[in-house]
Amino acid sequence: MSASLDALVQEALTTGRIANLPNGHFIDGRFQPSQSGARMESFDPGRGIAFADFAAGDAADIDAAVEAGRRALRGRWRDLKPAERGRILQRAAALIGENAERLAVVESLDSGKKLVEALGDVRGAARTFEYYAGACDKLQGDTMPLGRNHFGMTVHEPVGVTAHIIPWNYPISTTARGLAPALAAGCAVVAKPAEQTPFTALMLADILHQAGLPDGVCNVVSGTGREAGAPLVAHPGIDQITFTGSVATGIGVMQAAAPNVTRLVLELGGKSPVVVFADCDIEAALSGMMEAIYENAGQICSAGSRLVIEKSFSGTFLARLTERVRALTLGHGLTNPGMGPVNSAVQLAKIEGMVAAAVKRGAILHTGGARAEGGELGQGWFYQPTIVEPSLSSDAIVQEEVFGPVLTVQAFETEEEALALANGTRFGLVAGIYTADFGRAHRLARDIDAGQVFINDYFAGGIEMPFGGNRKSGFGREKGLDGLKNYTRVKSIAARISG
Ligand code: NAI
Ligand code: MG
């Protein structure tokens with residue numbers, strides 16, 4: 001750890017606070033208080049106490065942000081030379097990198113995630129801006145052969161002002177993943193971070209402004225889903241919504257978008273399988289499994305939360321996995337433990353209730369299955385890393401998203417059974433496959449109903465790979481060049497030139 005990072009961490013750990021956090025919404029190029037004056041608190045999940053407060057926005061602040069976006073669109077941003085937009089986003093990437101330590105400490109304290117993970121997220125956010133910066137001047141259309149007398153072409157226009165509803169599990173990553181392609185396409189944006197983790201999105205808006213983004217192009221309004229999120233997604237001045245969060249809230253957002261016929265992308269989480277065959281590289285599969293479900297304490301939409309394992313290999317694999325899971329140390333995210341806390345008391349209670357109910361129905365607990373409360377942990381929101389094996393695949397613990405460090409186990413004997421189990425939930429976000437058999441890996445990759453499939457390396461790939469779900473996991477794709485399509489619309493222009 002660098003000396004400067006260590007100093008920031010020590011300050012945060014000893015005082016429980018971080019100086020000079022953003023204290024207003026970022027609207028029209030500056031921080032502003034809520035029009036109502038309302039504020040709310042954000043918590044440090046490692047200690048279960050409030051560490052800072054922030055502006056709690058409502059419809060009036062959303063109106064101001066959307067109006068700022070609409071004003072900024074014309075002349076200032078949409079009509080800027082694409083290469084110049086690219087340079088500004090490239091500078092933003094560099095500035096995120098320069099501010100990485102502070103951003104990561106804030107992200108860790110606010111969300112509970114491990115500092116190393118937060119640093120990875122911040123570097124990922126910089127990389128996201130770098131990736132889309134290079135795309136600004138490559139959003140070119142086509143020409144269509146219409147014969148000698150006509151000329152036809154397509155233009156990829158920015159959709160306008162876009163809304164981004166951000167969850168608490170990956171605050172800066174999700175913000176960057178939506179904002180970078182929207183800005184690259186020439187849109188203006190209004191983001192609403194989760195009320196549990198508002199700070200890094202606000203800091204990012206400030207950084208983008210420092211990088212040269214004109215006033216009003218990027219606006220961030222903090223506050224609750226009900227007070228600030230709902231008026232944003234129902235706003236007639238919004239041309240596109242990108243929502244990441246729960247299925248229930250996503251359905252509500254879709255309904256709120258309908259009266260204005262606002263287009264949208266829904267990224268709604270999952271119950272993703274990790275299919276492990278006996279012929280796999282066991283070390284790779286163990287490491288992949290640990291990352292898939294215990295990174296960020298399992299609070300990942302694309303977490304590999306279901307181990308689908310070949311029966312003959314199950315005993316060997318589970319013994320090794322359980323050993324690794326028991327060795328995970330728990331602690332405050334800023335101390336870089338094996339695993340950090342979960343994000344909120346609400347989330348902790350949800351996890352606890354779901355596992356307890358499964359055990360009551362007869363599920364076998366291989367390890368974990370309770371809150372972790374010893375010593376300092378008692379103050380924070382900690383849940384033991386857990387492996388649970390219900391007798392039926394229809395059990396709620398297999399079918400419902402827990403969004404915590406809870407892995408379920410399902411065994412199969414044939415490839416057909418493996419596929420049926422992998423596809424046996426209402427979700428279809430991602431899937432992992434571990435096998436040495438190339439043909440089998442690709443047969444499953446073809447037949448599994450998911451938006452992204454990882455072979456022999458869970459979470460492989462980066463911003464280059466399109467990401468998004470099928471079925472109840474939502475629709476639309478973020479990341480990659482496909483992610484740009486959310487923020488552009490095609491216009492066809494046909495002209496008669498002679499005849
Ligand atoms: P949520 O879906 O309610 O919250 C996500 C975001 O939506 C937050 O910014 C929230 O303020 C906003 N929001 C809430 N109501 C809204 C509304 N009516 N209009 C517009 N925006 C609104 O999820 P919550 O309550 O934080 O977590 C509940 C469960 O959702 C978790 O246990 C987990 O299973 C799932 N979840 C999935 C995520 C994913 O990455 N797909 C992220 C967060 C939660
Ligand atoms: Mg917080």
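Whatever order the structure lists ligands and atoms in, that order sets their numbers, starting from 1. It should be emphasised that the depicted structure is a prediction, and the values quoted were computed from it without experimental measurement. Throughout, numbering of the chain's residues begins at 1 and tracks the sequence.
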Specify whether an N/O/S atom of [X] falls short of 2.8 Å from the Mg ion (ligand 2).
{"X": "Thr197", "value": "no"}
{"X": "Asp110", "value": "yes"}
{"X": "Phe43", "value": "yes"}
{"X": "Gln196", "value": "yes"}

Subject >> 4.0 Å heavy-atom contact, Gly252 with ligand 1 >> reply: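 Contact absent.
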
Subject >> Phe243 touching ligand 1 at heavy-atom level, < 4.0 angstrom >> reply: yes

For [X], atoms of ligand 1 separated by under 4.0 Å from a heavy atom:
{"X": "Lys350", "value": "29 (C), 31 (C), 32 (O), 33 (C), 34 (O)"}
{"X": "Glu195", "value": "10 (C), 11 (O)"}
{"X": "Gly269", "value": "41 (N)"}
{"X": "Pro167", "value": "42 (C), 43 (C)"}
{"X": "Ile165", "value": "6 (C), 7 (O), 9 (O), 12 (C), 21 (N)"}

Original post:
side chain to side chain contact (heavy atoms under 4.5 Å, CB included) between His164 and Val220: does it pass, once the steps are laid out?
Top reply: CA-CA 9 Å; His164 303 260; Val220 176; over 6 Å; no

Among side-chain atoms of [X] and [Y], is any donor-acceptor pair under 3.5 angstrom?
{"X": "Glu101", "Y": "Ser2", "answer": "yes"}
{"X": "Ser344", "Y": "Gln196", "answer": "no"}
{"X": "Ser36", "Y": "Ser34", "answer": "no"}

Original post:
Asp239 pairs by salt bridge (charged side-chain N to carboxylate O under 4.0 Å, His left out) with which of Arg489, Arg70, Arg263?
Top reply: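 With Asp239 as partner, salt bridge (charged side-chain N to carboxylate O under 4.0 Å, His left out) holds for just one option, Arg70.
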
**OP:** Answer with yes or no after comparing the ring centroid distance for Phe403 and Trp168 against a 6.0 Å cut-off, counting only values under it.
**Re:**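 When the ring centroids of Phe403 and Trp168 are compared, they turn out to be within the sub-6.0 Å range.
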
**OP:** Look at atom CD of Glu376 and say whether more than 12 heavy atoms of other residues, nucleotides or ligands are closer to it than 6.0 Å.
**Re:**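 Atom CD in Glu376 is not crowded, with 12 or fewer foreign heavy atoms closer than 6.0 Å.
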
